[in-house]
Amino acid sequence: MEKSCSLLVYFDKSTPAIANEIKEALEGNDVEAKVDAMKKAVMLLLNGETLPQLFITIVRYVLPSEDHTVQKLLLLYLEIIEKRDAKNIVLPEMILICQNLRNNLQHPNEYIRGVTLRFLCRLNEVEIIEPLIPSVLANLEHRHQYIRRNAILAVMAIYKLPHGDQLLVDAPEMIEKVLATEQDQSAKRNAFLMLFNCAQERAINYLLTNVEKVAEWGELLQMVVLELIRKVCRTNKGEKGRYIKIIISLLSVPSSAVVYECAGTLVSLSSAPTAIKAAANTYCQLLLSQSDNNVKLIVLDRLTELKSSHGEIMVDLIMDVLRAVSSPNLDIRRKTLDIVLELITPRNINEVVLTLKKEVMKTQSGELEKNGEYRQMLIQAIHSCAIKFPEVASTVVHLLMDFLGDINVASALDVVVFVREIIESNPKLRVSIITRLLDIFDQIRSTRVFSCALWIIGEYCLSLSEVESGITTIKQCLGDLPFYTDSEEGDSADSSKKPQQADSITVSSKRPAILADGTYATQSAASETAFSPPTVVQGSLSSGNLRSLLLTGDFFLGAVVSCTLTKLILRYEEVQPSKAEVNKASTQALLIIVSIIQLGQSSFLSHPIDNDSQDRIVLCIRLLCNTGDQIRKIWLESCRESFVKMLSDKQLRETAEIKAKAQISFSQPDDLIDFYHLKSRKGMSQLELEDEVQDDLKRATGEFIQDGDGANKLNRILQLTGFSDPVYAEACVTVHHYDIVLDVTVINRTKETLQNLCLELATMGDLKLVDRPQNYTLAPEAKKQIKANIKVSSTETGVIFGNIVYETSKVFERTVVVLNDIHIDIMDYISPAVCGDAAFRTMWAEFEWENKVAVNTVIQDEKEFLDHIIKSTNMKCLTGPSALEGECGFLAANLYAKSVFGEDALVNISIEKQADAKLSGYIRIRSKTQGIALSLGDKITLKQKGSG
């Protein structure tokens with residue numbers, strides 16, 4: 001059985017010379033040198049060294065020292081040295097320290113007495129402790145509270161030793177008397193804790209005798225009282241009622257820690273609505289009264305648990321929870337909104353939306369650093385509310401549309417996506433949304449927002465006036481045609497030869513101007529713009545943001561403008577009876593579209609139009625010149641149908657996820673009856689669940705082998721040595737979230753005794769060995785279980801390697817057996833997750849690490865290959881099923897997963913079927929850290945070839 005250790009310090013120095021240096025320093029008179037030497041000795045002992053030659057030196061030269069630091073280090077040394085021999089008998093030299101400990105327990109200095117009493121709490125040798133008991137008991141009545149409180153702890157530790165109740169038969173009675181007369185709160189808490197652990201009936205009697213005074217006790221004692229209540233109710237569930245009054249009385253104490261524990265205890269003891277509501281109210285008060293963000297996050301976690309098990313009660317407290325958004329911390333705001341969105345009902349939806357609208361308006365008042373991100377969260381929350389309850393959409397859609405021109409592009413994009421979904425799901429609002437969108441169209445700043453807004457205009461402008469307004473609005477935002485003149489092209493070509501004028505676009509009416517960087521340029525009174533990011537707009541009154549973006553070379557937006565104009569003209573033909581008006585509008589649209597192509601093919605801009613955008617624009621020209629009924633149907637109906645199908649797929653996925661979360665597993669009909677299953681899940685207390693959780697933990701770690709768990713444990717066993725090696729070793733690898741446990745079985749296959757056998761391990765990657773296993777002596781053909789703990793700090797494929805070193809009595813040299821490497825799989829740390837398309841694109845743009853893996857597989861079906869990659873990487877496909885339907889020979893899909901450390905893993909698969917039926921393409925992985933990108937790439941490279 002492994003020894004327990006109360007101290008762990010890493011020390012990476014172990015040479016024979018250090019032991020001699022320590023001995024010389026201890027024998028000297030320099031106190032600082034002694035302190036340093038004692039620290040080195042303690043750290044060497046903690047890391048597996050024995051140092052037997054130091055004991056007598058320490059007894060002679062360190063025991064008499066009066067320095068407090070030396071005495072504290074001496075006690076640490078005495079705590080960790082081996083005090084028993086191989087036969088489990090206390091070493092005779094340990095008697096030498098008894099007199100020193102007795103002197104320390106009677107020392108005039110309070111600190112020396114106190115630390116010595118604390119040392120006795122960690123001493124397990126009865127032979128050493130027994131002579132010291134009178135001195136320990138004498139300290140129970142010392143005048144200083146520091147000594148009294150440690151003396152009580154020492155009495156408790158001695159009483160809990162094997163046969164300790166025989167050494168201190170009347171200890172509970174003595175401590176009960178101390179508790180009755182003690183005034184110091186810490187000492188009183190320790191005394192009650194001793195009775196709680198060693199004489200529970202006495203503690204209960206004391207508590208019930210002083211029920212009226214519990215609220216006046218100190219915070220430390222109240223915490224122990226709550227712990228006692230939980231323990232008593234676990235063993236005797238029928239007595240819960242008599243303790244509820246104590247908990248209710250403690251809910252009003254000033255200590256936040258006690259109030260928090262009271263709420264947790266109340267939830268664990270009772271599932272009654274009154275108790276749950278009292279606990280939830282307490283959590284809400286803590287949420288508003290505490291300034292520490294970590295405390296607020298913890299309280300929000302507790303509220304999330306209450307929401308899962310008692311949602312119907314939490315619904316009434318939704319506005320109290322929502323008040324937490326007043327915190328400036330984004331994590332708190334995000335968690336609060338997540339809780340609130342799941343508690344919304346038709347009764348409280350109007351109140352919640354009104355509060356969210358007020359918060360959105362507050363973000364406009366002052367542009368703080370995080371206001372844009374907070375506004376985006378609020379918009380997403382309002383979006384969710386409007387989708388669940390369409391009747392509130394009319395009250396928020398026009399307010400949110402004011403943010404289409406927001407500087408924060410993410411917020412504006414969320415708004416336009418929200419508008420696109422509402423205009424389809426709520427037809428009554430279509431006319432008002434279109435009218436408002438056309439009014440504020442020129443305020444939009446971002447290409448992506450413009451693209452979505454143009455699509456909405458092209459699809460939902462149905463009446464004659466709406467179509468005409470849509471065409472007019474787009475023409476006004478584009479400004480005068482053409483976008484440039486021949487003279488300007490020549491000027492632009494000349495200016496391109498001069499670096500100092502490269503950042504400006506000049507037009508016909510010129511005058512000198514000085515730019516911000518001090519260089520000269522020319523500008524026009526009619527129209528001017530600079531090559532700048534889309535959010536920075538410069539231009540004259542006659543041209544809006546749409547023209548400015550086109551003049552920066554954004555031809556994807558030009559293609560969207562062309563498609564929108566084409567749709568509007570096609571619909572104009574259906575609603576406009578006058579053929580002349582139709583021809584006039586069609587001609588004007590063709591002029592705009594041709595001007596965009598002319599701009600893209602000129603040398604006016606630094607880069608020409610891309611082929612994809614040019615092909616789309618040319619297609620629009622052909623359609624306007626010659627339109628067939630079939631093509632008209634595709635443009636005016638099929639696009640809308642695809643969008644409706646996308647929305648229905650999204651709704652189906654969300655519904656499926658909700659059902660999956662709510663799904664309850666039942667026992668099979670032929671299973672044995674377990675009364676645990678007969679209880680209502682809602683009525684079960686936390687205390688009753690804890691026993692079940694213990695079994696679950698044992699199953700998870702492989703310690704509790706039953707049915708299929710045995711097979712799971714066998715699957716985790718790795719062979720470390722060969723069958724012909726003198727020492728055979730195998731390891732059972734258990735991967736938890738943040739650490740790896742290696743349970744290594746070592747078998748001596750020789751007829752000799754192996755001495756100083758040591759398992760030496762090393763790691764590669766973000767793995768760290770916690771402690772070095774100690775040396776063992778292994779009898780012939782004997783077996784030994786050695787455990788090693790390894791900490792994991794990031795999601796990266798790591799390697800554990802090492803060897804087993806031992807000595808034999810015949811051969812006076814160390815024998816080394818090299819172990820097989822243990823590879824830690826990245827799949828143990830990542831799990832499928834879900835995120836929105838906008839969030840995926842944002843992360844894809846931000847993450848700097850990319851790993852590009854070429855497709856190399858024998859699989860010939862695109863969907864089969866995608867399913868194989870999803871299964872191999874343990875990721876979730878974000879691309880909807882409808883987008884993967886059909887046979888076109890090409891497939892593109894996005895995958896997403898999240899690690900236990902909160903890291904995001906993004907994967908994009910783009911594959912194409914060649915003429916020879918083979919698949920080609922690339923799998924691109926992006927992440928914030930290099931480790932996950934490389935490790936996931938290696939995993940995909942290994943797994944993509946096969947189908948199994």
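The shown structure was predicted, so the numbers you read here are calculated from the model rather than taken from an experiment.
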Exercise. So H868 and F865, would you call those rings parallel, tilted or perpendicular, with 30° and 60° as cut-offs?
Worked result: tilted
Exercise. Would you say the side-chain atoms of K475 and Q588 include a donor-acceptor pair closer than 3.5 Å?
Worked result: yes
For this session: Indicate whether the side chain of Y460 and that of E466 have a donor and an acceptor atom separated by less than 3.5 Å.
Result: no
For this session: Would you name the heavy atoms of I859 and T857 that are closest together and state the gap between them?
Result: N-OG1, 3.0 Å
Exercise. Is V449 close to S451 at the side-chain level, that is, under 4.5 Å between some pair of heavy atoms?
Worked result: no
Problem set entry | Salt-bridge contact K567-E459 (side-chain N to carboxylate O under 4.0 Å) | yes
Exercise. Between Q914 and S920, do the side chains contain an N or O donor and an N or O acceptor separated by less than 3.5 Å?
Worked result: yes
Exercise. Does the side chain of L647 come within less than 4.5 Å of E424's, by heavy atoms?
Worked result: yes
For this session: Using atom types as modelled and distance alone, determine if a side-chain donor or acceptor of N851 lies under 3.5 Å from a backbone N or O of A933.
Result: yes
Exercise. Should E421 and I387 count as side-chain neighbours, where that means a heavy-atom distance under 4.5 Å?
Worked result: yes
Problem set entry | Ion pair check, K335 and D338, cut-off under 4.0 Å | no
Exercise. If you count the non-hydrogen atoms of other residues, nucleotides and ligands that lie under 6.0 Å from NZ in K388, is the total more than 12?
Worked result: yes
For this session: Taking side chain to side chain contact (heavy atoms under 4.5 Å, CB included) as the test, write out the residues that go with Q576, two or more places apart.
Result: L464, E468, Y572, S578, E581, V582
Exercise. Heavy atoms, side chains only, cut-off 4.5 Å: are F840 and L878 in contact?
Worked result: yes
For this session: Using atom types as modelled and distance alone, determine if a side-chain donor or acceptor of T879 lies under 3.5 Å from a backbone N or O of N894.
Result: yes
Exercise. Taking S935 for the side chain and I932 for the main chain, is one N or O donor matched with an acceptor at less than 3.5 Å?
Worked result: no
Exercise. Does any non-hydrogen side-chain atom of I423 lie less than 4.5 Å from one of I434?
Worked result: yes
For this session: Would you tell me whether T447 and D554 have side-chain atoms, one donor and one acceptor, within less than 3.5 Å of each other?
Result: yes
Problem set entry | salt bridge (charged side-chain N to carboxylate O under 4.0 Å, His left out) contacts in which one or both residues fall within residues 917-926, not counting sequence neighbours | E850-R924, E850-R926
For this session: Starting from the C-alpha separation in whole Å, work towards a yes-or-no answer on side chain to side chain donor-acceptor pair (under 3.5 Å) for D610 and S613.
Result: CA-CA 6 Å; D610 58 283; S613 298; 3.0 Å; yes
Problem set entry | Pairwise side-chain contact, L866 with L891, heavy-atom cut-off 4.5 Å (strictly under) | yes
For this session: Give a yes or no on whether N611 atom CG has more than 12 heavy-atom contacts from other residues, nucleotides or ligands under 6.0 Å away.
Result: no
Exercise. Under 3.5 Å, side chain of D904 to main-chain N/O of A897, donor-acceptor pair present?
Worked result: no
For this session: Measure from the side-chain N and O atoms of S638 to the backbone N and O of W635, and report whether any donor-acceptor pair falls under 3.5 Å.
Result: no
For this session: Identify the heavy atoms of L478 and R547 that sit nearest to each other, and give their distance.
Result: O-NH1, 2.7 Å
Problem set entry | Validation row: I621, I597 side chains within 4.5 angstrom (heavy atoms) | yes
For this session: Report yes or no: does S872 contribute a side-chain atom to a donor-acceptor pair with the main-chain N or O of I869 at less than 3.5 Å?
Result: no
For this session: For residues F556 and R616, determine if any side-chain heavy atom of one lies less than 4.5 Å from a side-chain heavy atom of the other.
Result: yes
Problem set entry | F847 six-ring centre to K928 NZ/CZ under 6.0 Å and within 45° of normal | no
